[in-house]
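We name chains A, B, ... by the order of the sequence lines, and we start the count at 1 in each one.
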2 protein chains.
Amino acid sequence: MLIFTEINISKGLYLRDPLQTELGRKIISCGIELIEELGFEKFTFGKLSKKMNSNEPSIYRYFENKHLLLLYLVVWYWNWVMYLIDYNTKNIEDPKKKLRIIIQNFVDATIENPGVAFVNEKKLHSIIIMEGSKAYHTKSVDNENKEGFFKSYKALNQKVADVILEIDPSFPYPHSLASNLFETANNQIFFAEHLPKLTDLKVKSKNYSEVVELIRLFASRMLKTEI
Amino acid sequence: MLIFTEINISKGLYLRDPLQTELGRKIISCGIELIEELGFEKFTFGKLSKKMNSNEPSIYRYFENKHLLLLYLVVWYWNWVMYLIDYNTKNIEDPKKKLRIIIQNFVDATIENPGVAFVNEKKLHSIIIMEGSKAYHTKSVDNENKEGFFKSYKALNQKVADVILEIDPSFPYPHSLASNLFETANNQIFFAEHLPKLTDLKVKSKNYSEVVELIRLFASRMLKTEI
DNA sequence: TTATAAATATTAGTAATACTAACATTTATA
DNA sequence: TATAAATGTTAGTATTACTAATATTTATAA
């Protein structure tokens, strides 16, 4: 069995590794709770420190600012999805079956058994849906890309692109399709929950089965074969 | 010829209609310049007032906060794309041809002739690519939806969904495909410009022809007919 | 066990942001 | 010319996004 580790998180993302200490793990767990509750704009390190019964300077010793904490969580999520895909596609040869599993894990990386005690995967998933794109839609994205902060997303994307090419080696846009399936999954869930006129899906109480069906149909038609 | 007006912008979005005064139009034009330059996080009304040689309280008489100014610009963009589509698909019967024109206008709503003197469409387009999704990925989205702030996006989406259904009346996800084509266009441009490993496209100096090709292939395969 | 280092907490501070109130001045309109 | 509307000016508050300095607690090593 694979072990889920965070060795893929770039050093530069944090000042002190939050996984190594109790306080660091509390920043992650309470940070997830509070960002999910308040939304990223209203979330501050001051409020987080109160929730943790700690203090602002201690948090600043771990993360330079709240943007890098969000990015850390998003990178964590990408690693978590990568782990789930690796784990669930192990020993599976059929690339179509692999893509089916990938889609399932794209849509709902929360139904799997708990990964790490201090990470609430359901709330992390909510943060990805609501705040995820803010982690890279910033003026600093190019510098952060140079620092290697997005290599998890790229690795995940490359893995999916490879499966796409296994299914159809002549498909001209494997990377675009891979990122599109991932982004579309998150986006259509957001629309279903907040702007339902922009989608045909119904999502009731976090039941994402219709989303899986949609993404499978998208993938099937794009690759001209039943996924 | 159609006239591009802003009657579709909900009253609640602003405190005083910026189109009615010189100062209001300056808020829009300088706001576009400055958000594009600084990014939305670093953009403040204080900086904007200095750029305009005006003052903060005057800006606050038009917009409650910078989030609503961004949303105003995004709604403007949706209306602008809607206008372009209406204008360019006028008297065209063939729904496939209509969808082709829609895709062209999704990808690049800037190559058309200038709409309104005080709006720099190229910079507005850059803002949409970089900051657009922040206009609705907030905790206030449900309230703002109730206020009708997203009716422009819904109307645009419905128009495209109708064309999709003209092409294939049995297609099960017309609204999802419509929103997906729009979001994918913006997203793949962002990736091409900032995280190129996540796409197969090359975008050099704002030449989006490859993006149009990609979206056309996506649409063609989804609808099982050459668009 | 004690010495020492490392981590955390406390206090206090600054500059910037996100506003609001009160009032003065300019500009438009009746 | 009177009046209202719009804009400008000044001044203020609460919050945010940090940082510095120092005290205290906790872990580890001699």
Would you please confirm or rule out a distance under 4.0 Å between OP1 or OP2 of [N] and any side-chain N or O of [X]?
X       : N     : result
A:Ser58 : C:dA9 : yes
A:Tyr62 : C:dT8 : yes
A:Ser54 : C:dA9 : yes

Length of the [atom1]-[atom2] vector between [X] and [N], whole Å:
X       : N      : atom1 : atom2 : result
A:Lys26 : C:dT8  : NZ    : P     : 11 Å
A:Met52 : C:dT8  : CE    : C1'   : 11 Å
B:Leu15 : D:dT7  : CG    : C1'   : 15 Å
B:Glu22 : C:dT26 : CD    : C1'   : 15 Å
B:Gln20 : C:dT29 : CD    : C1'   : 16 Å
B:Arg25 : D:dA6  : CZ    : P     : 13 Å

Looking at the side chain of B:Asn55, which of D:dT7, C:dT8, D:dT9 is the nearest nucleotide?
D:dT9
Applying a 4.0 Å non-hydrogen cut-off, can you work out what A:Phe63 is touching in the nucleic acid: base, sugar-phosphate, or nothing?
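Since no nucleic acid heavy atom lies under 4.0 Å of A:Phe63, the category is nothing.
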Could you pull out all residues at least two apart from A:Ile27 that satisfy side chain to side chain contact (heavy atoms under 4.5 Å, CB included)?
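A:Ile27 satisfies side chain to side chain contact (heavy atoms under 4.5 Å, CB included) with A:Leu48, A:Met52, A:Ile59, A:Tyr62, A:Phe63, A:Leu69 once adjacent residues are dropped.
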Protein N or O to nucleotides 15-24 of chain D N or O, pairs below 3.5 Å:
| unit_1 | atom_1 | unit_2 | atom_2 | d |
| --- | --- | --- | --- | --- |
| D:dT16 | OP1 | A:Lys47 | NZ | 3.3 |
| D:dC18 | O5' | A:Tyr60 | OH | 3.1 |

I want to know whether B:Trp80 and B:Tyr83 have ring centres closer than 6.0 Å.
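Aromatic pair counts; centres sit under 6.0 Å.
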When the ring centroid of B:Tyr208 is compared with that of B:His125, is the distance short of 6.0 Å?
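Under 6.0 Å, so yes.
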Across all strands, who's sitting opposite C:dA30 as a Watson-Crick or G-U wobble pair, both distances under 3.5 Å?
D:dT1
Is the number of heavy atoms from other residues, nucleotides or ligands under 6.0 Å of B:Lys42 NZ greater than 12?
no
Taking side chain as C-beta onward, heavy atoms only, is B:Phe43 less than 4.5 Å from B:Lys66?
yes
Contacts satisfying side-chain hydrogen bond (donor to acceptor under 3.5 Å, both in side chains) that involve residues 45-55 of chain B (not counting sequence neighbours) are B:Asn55-B:Ser58
Which value, rounded to the nearest 0.5 Å, describes the distance between A:His137 atom NE2 and B:Asn187 atom CG?
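If I round to the nearest 0.5 Å, the distance is 5.5 Å.
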